[in-house]
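Following: one structure in structure tokens, then a few remarks.
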Amino acid sequence: MLAAAMTAASVTGCGGGGEKAPAGEQTTAALETEAGLENAAPEEFTYPMEKGDKLTYWAELTTNVSINWSNLGDTPFGKGLMENTGAEIEFLHPPAGQTKEQFSLILADGNLPDLMEYNWTVDYPGGPEKAIKDGVILPLNDIFAKYCPNIVAYLKEHPEVDKAIKTDEGHYYVFPFVRGDEGLLKTIGLMIRQDWLTELGLEVPTTIDEWHEVLTAFKEKKGIPAPYTFEYTMPQLLAADPFTYAFGTTRSFYLGDDQKVHFGAAEEGYKQYLATMAQWYAEGLIDPDIATLKLDQVSAKMTNGESGASAGQAGSRMGTWTFAARANNPEFELVACPFPTLEKGQSPEYGFTDIPFSGRCSVAITTSCKDIERAARLLDYGYGEAGHIYYNFGNEGVSFEWKDDYPTYTDLVMKNPDGMPIAQAMSSYVRGNYNGPFVQDVRYVEQYYTLPEQRDTIKVWGATNGAAHTLPAITPTSDESKEFSSIMNEINTYRDEMTLKFIFGQESLDNFDTYVKNIEAMGLDRALEIQNAALERYNAR
């Protein structure tokens, strides 16, 4: 915390100098602008910009970058971004694991960076409209219209994204990270050791019963101490363990067949899921350390043969583990498993799917920024043709070449001469394989997934109706958000505590009804009321 405080104290605003105007004076006129972009006709703009004041840009540094570089501005990508746009950028990064803590310290200090990359939709107390009214970030309606021809054109062509990056009051608030293709929305699922299945004469499991059979065989016939292991605290898995889907539910909120918001962890299906997990845990089929496992521990167990099945991404899990394990075991093979069902031959109704705009790693312009046009032009670059190619593939002749009209990564990325893994080399030259203010291109993942087993995940994990049950990026009102956060902080803490107790057998499932009543007493009905009201407002945008 001391390090974070010192870092926060060193953060400065735009390089123009002068006193910061009161937030109200800076944002009142913009707050009154609630029109859309129907009549916006910003002039075309040519990069690079003329030299001007330095911009400060605060963002978390992803692990695939930080392992080789201490600052995004030192990477080939960061240097190229400044050269291509003409903007001088001072990148500021919170200490690893302290993003939210430092964010709070910066807000308390009041002297904000010009640009802040954050999940304003979910992680700002009160949501993005509250951030605007608090005088923290600027509404972008007028800014888009005056300075941002690229994003204006993109939003006109993609009304679903246009709808998502506005508040219910009609204010645009971020330059978004957008997953630009269906193939980029199905990136997490279950995976299993195909070489072990072949050895044991088993098929890839598709039902809960088949999973029980396979995990039992791993334990009894191969002596595997932790047949199924996974990073329990991974956010996506906390929201929905893949096995919850078989029982028609999740751990958190989802969209039901009635088009209403439901909370899965208080439903009967969740009890059935817990009963299954408790049985598997008692039989030694689930890693006994799941409550405390970190990624490096899961990685070690998957690559050294202590475990045979897991859940996670096709890139940073399946691909990384496969390449690491094959150094000692050339037969090692992981394949994707369909999201499980209860009956053989059923088509999975539920499954993990992302949404094009989830809020993460999108960039807002703060009220401390003096050169708003320069900031806006920098960010708009990512949504034009040249910026789209640069963010996803880097500089032509360096990190990619055009082959048959296809942007093809060079050996600098795919076979890095310094020995960097593909994910790290890619993150040095592009942002296509992680998030930021641009539209992600599916052609990145077509190359990032170098193994056929990885490419198969798009089809296998995508064969569900999960999109119909995934909530869009809804936002409660400022008042609702505070109440909702208070309720759900208590509920989620209790849910997580009791989920592990049920699975570990420390709490009898005979007490599940009491567990549900306790959640209801914490204000679940009010939380659902807030969520459904937010959904109605979102649908009415």
Side-chain angles (χ1 to χ4, degrees), residues 121-122 185-190 207-208 211 228 230-278 280 286 290 310-313 337-342 346-355 358-360 461-474 476 484 487-503 509 512 515-516 518-520 522-525 527-532 534-535 538:
T121 308
V122 174
L185 304 179
K186 325 285 187 181
T187 59
I188 293 177
L190 290 161
T207 68
I208 292 295
W211 267 98
Y228 177 64
F230 64 104
E231 189 184 357
Y232 181 83
T233 56
M234 179 179 166
Q236 294 95 330
L237 299 182
L238 276 177
D241 181 317
F243 289 108
T244 62
Y245 293 132
F247 302 96
T249 190
T250 72
R251 282 184 177 164
S252 189
F253 294 103
Y254 71 95
L255 197 60
D257 294 333
D258 57 0
Q259 296 303 298
K260 298 291 186 182
V261 181
H262 295 252
F263 186 69
E267 296 181 331
E268 181 63 25
Y270 198 68
K271 180 180 181 180
Q272 297 170 16
Y273 155 77
L274 290 172
T276 299
M277 294 299 105
W280 291 4
I286 298 177
I290 58 168
S310 189
Q313 294 93 337
C337 303
F339 285 99
T341 59
L342 295 180
Q346 277 184 327
S347 177
E349 177 66 18
Y350 293 80
F352 176 84
T353 183
D354 210 334
I355 52 179
S358 65
R360 71 172 67 97
W461 293 343
T464 75
N465 194 31
H469 302 287
T470 303
L471 290 176
I474 59 177
F484 179 79
I487 292 171
M488 291 312 303
N489 284 342
E490 185 178 9
I491 287 177
N492 287 339
T493 299
Y494 179 69
R495 174 205 62 192
D496 294 344
E497 174 188 341
M498 292 300 296
T499 292
L500 289 174
K501 285 185 175 181
F502 284 131
I503 292 174
L509 276 166
F512 184 81
Y515 153 83
V516 172
N518 289 339
I519 287 180
E520 291 172 343
M522 293 173 186
L524 178 61
D525 287 345
L528 287 169
E529 182 182 0
I530 290 171
Q531 287 287 79
N532 278 298
L535 179 63
Y538 179 90

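Between the side chain of Arg251 and the backbone N or O of Asn492 there is no donor-acceptor pair closer than 3.5 Å. One N or O on the side chain of Asn532 and one on the backbone of Val261 form a donor-acceptor pair closer than 3.5 Å. A donor-acceptor pair under 3.5 Å is formed between the side chain of Trp461 and the backbone N or O of Leu190.
The side-chain heavy atoms of Phe263 and Met488, taken from C-beta on, include a pair separated by under 4.5 Å. Within the 4.5 Å cutoff, the side chain of Leu535 has heavy atoms near those of the Pro472 side chain. Taking 4.5 Å as the limit, some side-chain heavy atom of Gln531 sits within range of a side-chain heavy atom of Phe484.
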- Message: Walk me through whether Tyr538 and Leu471 qualify under side chain to side chain contact (heavy atoms under 4.5 Å, CB included).
- Response: CA-CA 10 Å; Tyr538 179 90; Leu471 290 176; over 6 Å; no
- Query: Is there a side chain to side chain contact (heavy atoms under 4.5 Å, CB included) between Tyr232 and Ile286 once you walk through the steps?
  - Reply: CA-CA 11 Å; Tyr232 181 83; Ile286 298 177; over 6 Å; no
- Criterion side chain to side chain contact (heavy atoms under 4.5 Å, CB included) on Ile188 and Met234, from CA distance to verdict: CA-CA 11 Å; Ile188 293 177; Met234 179 179 166; 3.6 Å; yes
- Query: Ile491 and Leu524: side chain to side chain contact (heavy atoms under 4.5 Å, CB included), yes or no, with the steps?
  - Reply: CA-CA 8 Å; Ile491 287 177; Leu524 178 61; 4.1 Å; yes
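To the nearest 0.5 angstrom, Ile503 atom CD1 is 6.0 Å from Leu274 atom CG. Rounding to the nearest 0.5 Å places NE2 of His262 at 8.0 Å from CG of Asp257. To the nearest 0.5 angstrom, Leu500 atom CG is 6.0 Å from Ile290 atom CD1. Once rounded to the nearest 0.5 Å, the distance linking CD of Glu349 with NE2 of His469 reads 3.5 Å. We find the CD1-CG distance between Ile519 and Asp525 to be 11.5 Å, quoted to the nearest 0.5 Å. Separating the CD atom in Glu267 from the CZ atom in Phe247 is a distance of 13.5 Å, to the nearest 0.5 Å.
Between Pro348 and Phe339, the closest heavy-atom pair is CG-O, 3.3 Å. Closest non-hydrogen pair, Ile208 versus Trp280, comes out as O-CZ2, 3.7 Å. Here the closest heavy-atom approach between residue Tyr245 and residue Ala240 is recorded as OH-CB, 3.2 Å. The two atoms that bring Pro340 and Thr207 nearest to each other are CB-C, 4.4 Å, heavy atoms only. Taking each heavy atom of Thr121 and Ser358 in turn, the nearest pair found is CB-O, 4.4 Å. What you find for Ser347 and Ala463 is that their closest heavy atoms are OG-O, 4.4 Å.
Ring-centre distance between Tyr515 and Tyr494: below the 6.0 Å cut-off. Aromatic ring centres of Phe243 and Phe230 lie farther apart than the 6.0 Å criterion allows. Residues Tyr273 and Tyr350 keep their aromatic ring centres 6.0 Å or farther apart.
Among Thr499, Thr249, Thr244, the one residue that satisfies the side chain to side chain donor-acceptor pair (under 3.5 Å) test with Tyr270 is Thr499.
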